[in-house]
2 protein chains.
Amino acid sequence: MTMVMLNQDESQSLREKKKIETRNKIFEVSGRLFKEKGFEKVTVDEITREVGIAKGTFFNYFPTKTALLVYFGKQKEELIYKLIKNETKRSIPTKDKIKNIMVLVAKSNEKDKELTKLFVFEYLRHYGYEERRSHSLNTILRELLEDGVKTGEVKNGIDVKRVAENLTAIYYYSLMEWLWSNSDYSFSEDISKKIDVLFDGIRS
Amino acid sequence: MTMVMLNQDESQSLREKKKIETRNKIFEVSGRLFKEKGFEKVTVDEITREVGIAKGTFFNYFPTKTALLVYFGKQKEELIYKLIKNETKRSIPTKDKIKNIMVLVAKSNEKDKELTKLFVFEYLRHYGYEERRSHSLNTILRELLEDGVKTGEVKNGIDVKRVAENLTAIYYYSLMEWLWSNSDYSFSEDISKKIDVLFDGIRS
DNA sequence: AGTCATATATGACCGTAGTCATATTTAATG
DNA sequence: CATTAAATATGACTACGGTCATATATGACT
């Protein structure tokens, strides 16, 4: 009976290396295949054949085929939040900050429209059933708005929670409109203008 | 070779009657089973067994199992637009009209939370790939806003298309937040307050 | 090196969504 | 009523996602 849990520090064991490698290869291959043929047309058999693993192995890494889509979304999200972190540190007006962040996120989606189309629904659906995260767009926006209230840039007494939700809503809805529209207008420009409207209101 | 296409007028043929009956029965049975056991746990075999048809017949009526969810959404939509039509006719301020309509739609969802949860994603996904409809919430809101601009209730020169999209976005996002939240606050009240914020803006 | 516990890989197998060639029902026509 | 064409129903069959008992690989310990 061995109970020692040797900490591997930064040097990974062979096992861990192989695991990460396999996981990455599944990602890589499936991403390429999905873009080529669409999600439904790609079978797990096909993915595992190309990766060079048995079918069962796939399910050691991802609980379902659609889980892949969720993980695509998560990976993208992580990239985005690294970008956002830098943006929040700058000393610029609250509105600009919010705008910059949302445009940043928008632009990162503009880069891989087809793949985003595939996973955006699964990603949203999945998060319906998951814990609310501290790193969500909604949370970040809310914190920025609270700062804005403190500095007097945003009306005092405003319902910050609801405003943040409105901004988040606008982001996701605009994303979908853009993903499925035929004309290829600029998503980030659209978002930017919509934020203007939200800040200024529409009542004459 | 028969070429005559006898118009059946309002009197339906036996065929048409049976078709409608079968379709309705599939709806009825599947809706009940979905609510009882959840979408995934119900098999097409089970549905057809209860309805009293062969499995193949099911696919004469609905192309896929998930298509059922889309049709649930469509049916609900139709009900809702009948309600909306009456509301748009009343002579009340534009903002109230918009609020009333969105609260109306919200309340109709409050009635069957569990089933709405099942079909809302499929419904949205489906409409991503379908023609934009003239009867969408978005279109109706846009028309109301245009009226509002004419009567001077809404700022002149405003980007009506984008404002309508913002309102629609707020509606759907709030619906999802509400569907998957544990606390059971009032969805219609939430929507109402969010519309206030959108009209008044947040800049101090 | 040899032994053992555990993590990971494997592919035969199962259940279900969806297909399709064939059978049955409907209704129009003489 | 008999004939015929078209609409609809049928269920055996296929293909794919996902499971699981078994096999193999790894690394800790002596």
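Letters go in sequence order (proteins before strands), and every chain restarts at 1. Below, each value reflects all heavy atoms present in this structure, side chains not excepted, and no hydrogens, waters or symmetry copies.
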Test: B:Lys113 and B:Glu110 ion pair at under 4.0 Å: no

Carboxylate-amine/guanidinium proximity below 4.0 Å for A:Lys99 and A:Asp196: yes

B:Arg32 NZ/CZ over B:Phe27 ring centroid, <6.0 Å and within 45° of normal: no

More than 12 heavy atoms from other groups under 6.0 Å of CD on B:Glu36: yes

In whole Å, what is the span from the [atom1] atom of [X] to the [atom2] atom of [N]?
X: B:Lys17; N: D:dA9; atom1: NZ; atom2: C1'; result: 19 Å
X: A:Ile47; N: D:dG18; atom1: CD1; atom2: P; result: 11 Å
X: B:Tyr61; N: D:dA9; atom1: OH; atom2: C1'; result: 9 Å

Pair of N/O donor and acceptor under 3.5 Å linking C:dT8 base with A:Arg15 side chain: no

Within residues 20-29 of chain B, residues whose heavy atoms come under 4.0 Å of DNA chain C: none

D:dC29 - base-pair partner by Watson-Crick or wobble geometry, distances under 3.5 Å: C:dG2

Touch class at under 4.0 angstrom, heavy-atom based, for B:Phe62 against every strand present: nothing

Min side-chain heavy-atom separation A:Glu189-A:Lys193 under 4.5 Å: yes

Sole residue of B:Lys76, B:Lys35, B:Lys117 in salt bridge (Lys or Arg N to Asp or Glu O under 4.0 Å) with B:Asp112: B:Lys35

Side chain of B:Lys18 (C-beta onward), nearest among D:dA25, C:dT26, D:dT8: C:dT26

Sequence-aligned protein contact record of nucleotides 11-23 of chain C, with B where the base is within under 4.0 Å of a protein heavy atom and S where only the sugar-phosphate is: B----SBBB----

